[in-house]
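Keep in mind that what you see is a predicted model, and the values were worked out from it rather than measured. Every chain is numbered from 1, with letters handed out A, B, ... down the list of sequences. Keep in mind that the numbers below use all heavy atoms, side chains included, and drop hydrogens, waters and symmetry copies.
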There are 2 protein chains.
Amino acid sequence: MNDALFLRNPEDSELGKKIIKHSIQLISKNGLEAFTFKKLAEDIGTTEAGIYRYFENKHRLLIYIAAWYWNWVEYRINFQTNNIKDPFKRLQKVIKLLATTVVDDKKTFHVDENLLHQIIIAEGSKAYLTKQVGEDNKHHFFKPYKDLCATIGDIILECNPKYKYPISLSTTIIEMAHLQNFFMNNLPSLTDFGNSKDEKKIVVFLENLVFSSLK
Amino acid sequence: MNDALFLRNPEDSELGKKIIKHSIQLISKNGLEAFTFKKLAEDIGTTEAGIYRYFENKHRLLIYIAAWYWNWVEYRINFQTNNIKDPFKRLQKVIKLLATTVVDDKKTFHVDENLLHQIIIAEGSKAYLTKQVGEDNKHHFFKPYKDLCATIGDIILECNPKYKYPISLSTTIIEMAHLQNFFMNNLPSLTDFGNSKDEKKIVVFLENLVFSSLK
DNA sequence: TTTTTAATAATAGTATTACTATCTTTTATT
DNA sequence: AATAAAAGATAGTAATACTATTATTAAAAA
């Protein structure tokens, strides 16, 4: 994790872990706009100043949470694809991992991965859709996302070494896996899965999109 | 335009048109987060209360601007494709219109379409990525966006009547046309066009993506 | 032309947000 | 037992996101 994202490492203390845990819960419950350090402090049972000792502001905290998420996705993808030889099958697995609901990993007791997944779907892009994106990028805050895109880009090139847009196709897969999910649940007429609300259909849509491009 | 989006129709008065014009300028310059009704009022030379007579809040104003944009895009697409018979050529035109910089239409002197395009790229998704999306949707605030998707979906079906995901492919084209542009200019290593910063490459990427799916 | 009305301008005020500062108490380390 | 670091308690400020009221001006109806 990038040290510049926090003032004090939240992984290093109980209070820090509570900040992460309750942030995820509160953002998931009320949305990022309604989320404040005051409410977070009340929820935890500490003070606003206590939170500010860990994170400079809400935006940094969001980026931290997003970075945590992308690191975790990358780890999961590597773990679950490293024994698959066929790059097409590997890419298929990647699509499935990105587009389907995740089960809470009990090892990381301070992070509910399922809530986290929901947060990133609805709030993740707000981490970079800002005027400070250039500054934030200089601090390498988006490295986990970029690493993931590079990983997926490599698989794409294994499928078809002549394909010209491996990174853009990666971001398309990632962003669309999330956006189609958001639309399906919130603006169903913006997808073809509004009636069934079945994540598997998003997977099939993305597979079709990706594999016809790579043929 | 949906009446429920405003308290007083901004198209009906000089002040109203100034609100739209200066909103677009200010959001484009400082981003949505830094944009406030107070600053907008100062910029126009009116008072905060004056703005509140037109729009309930900043979020409604954003949705209004986005709705204006999607209506305008739809109009443009219809105008520029209605004499093209071949649906593939029509879809090609749609992709080009969505993914390339727009020239300011002097007829709408109170809206700089080029700035507007930039705003929608960076801030457009914030109109729906909220907890109130369901409520906002009940008020039909996203109808222009949906109509555009339906229009593009119809062209897709003309290209291939058996294609199963015309709406999801439409949102993919629209959102990726914008997102690849944002990445190209702000997080270039998340695209394959970072070096050239050439919008035409985004068009080629999207054409490749879409037409290989429809074959 | 006067009257009514509608829109705008001017001003004030409130609760909440996004912080910063300081001081004390608790907990962990030497 | 002494020291340092983290956390808790409290206070304060500028800005934000509104609401309310009253006065002024301009346009429309009588």
B:Tyr69 and B:His178 aromatic ring geometry - parallel, tilted or perpendicular at 30°/60° bounds: tilted
task: Check the distance between C:dG13's P and B:Tyr52's OH and give it to me in whole angstrom.
output: 18 Å
message: Mind checking if A:Phe37 touches a base, just sugar-phosphate, or nothing, with heavy atoms under 4.0 Å?
response: nothing
query: With respect to the side chain of B:Thr36, which nucleotide from D:dA9, C:dA18, D:dA17 is positioned closest?
result: D:dA17
query: Can you find an N or O donor on one side and an acceptor on the other, under 3.5 Å apart, linking the side chain of A:Arg8 with the base of D:dA5?
result: no
message: Nearest whole Å is fine: how far is C:dT27 P from A:Asp12 CG?
response: 19 Å
message: Once you apply a heavy-atom cut-off of 4.0 Å, does A:Lys18 come out as touching a base, just sugar-phosphate, or nothing?
response: nothing
task: If the plane angle is over 60° it's perpendicular, under 30° parallel, otherwise tilted; pick one for A:Tyr128 and B:Phe182.
output: tilted
message: Check this one for me: any side-chain N or O of B:Thr47 less than 4.0 Å away from OP1 or OP2 of C:dT8?
response: no
task: Would you tell me if any nitrogen or oxygen in the side chain of B:Thr46 comes within less than 4.0 Å of OP1 or OP2 on C:dA9?
output: yes
- prompt: Among B:Phe55, B:Tyr54, B:Tyr52, which one satisfies ring pair (Phe, Tyr, Trp, His ring centres under 6.0 Å) with B:Phe37?
  reply: B:Tyr52
task: Please determine if a side-chain N or O atom of B:Lys39 lies less than 4.0 Å away from the OP1 or OP2 oxygen of D:dT16.
output: yes
task: Name the nucleic acid region contacted by A:Tyr54, choosing base, sugar-phosphate or nothing; use a 4.0 angstrom heavy-atom cut-off, strictly under.
output: sugar-phosphate
- request: In whole angstrom, give the distance that lies between atom NZ of B:Lys38 and atom C1' of D:dA17.
  value: 11 Å
5' precedence on DNA chain C between A:Glu48 and B:Gly50 (nearest-nucleotide basis): B:Gly50
- prompt: DNA chain D: B:Ala49 or B:Lys58, which has the more 5' nearest nucleotide?
  reply: B:Lys58
task: Measure the distance from CG on B:Asn30 to P on D:dA15 and round it to the nearest whole Å.
output: 15 Å
- request: Decide if atom NZ of B:Lys143 counts as having more than 12 heavy atoms of other residues, nucleotides or ligands within a radius under 6.0 Å.
  value: no
message: Measuring from the side chain of A:Leu15 (C-beta onward, heavy atoms only), which nucleotide among D:dA17, C:dC19, D:dG8 has the closest atom?
response: D:dG8
task: In plain terms, say whether B:Lys39 and B:Glu42 are close enough for a salt bridge, that is, a side-chain N and a carboxylate O under 4.0 Å apart.
output: no
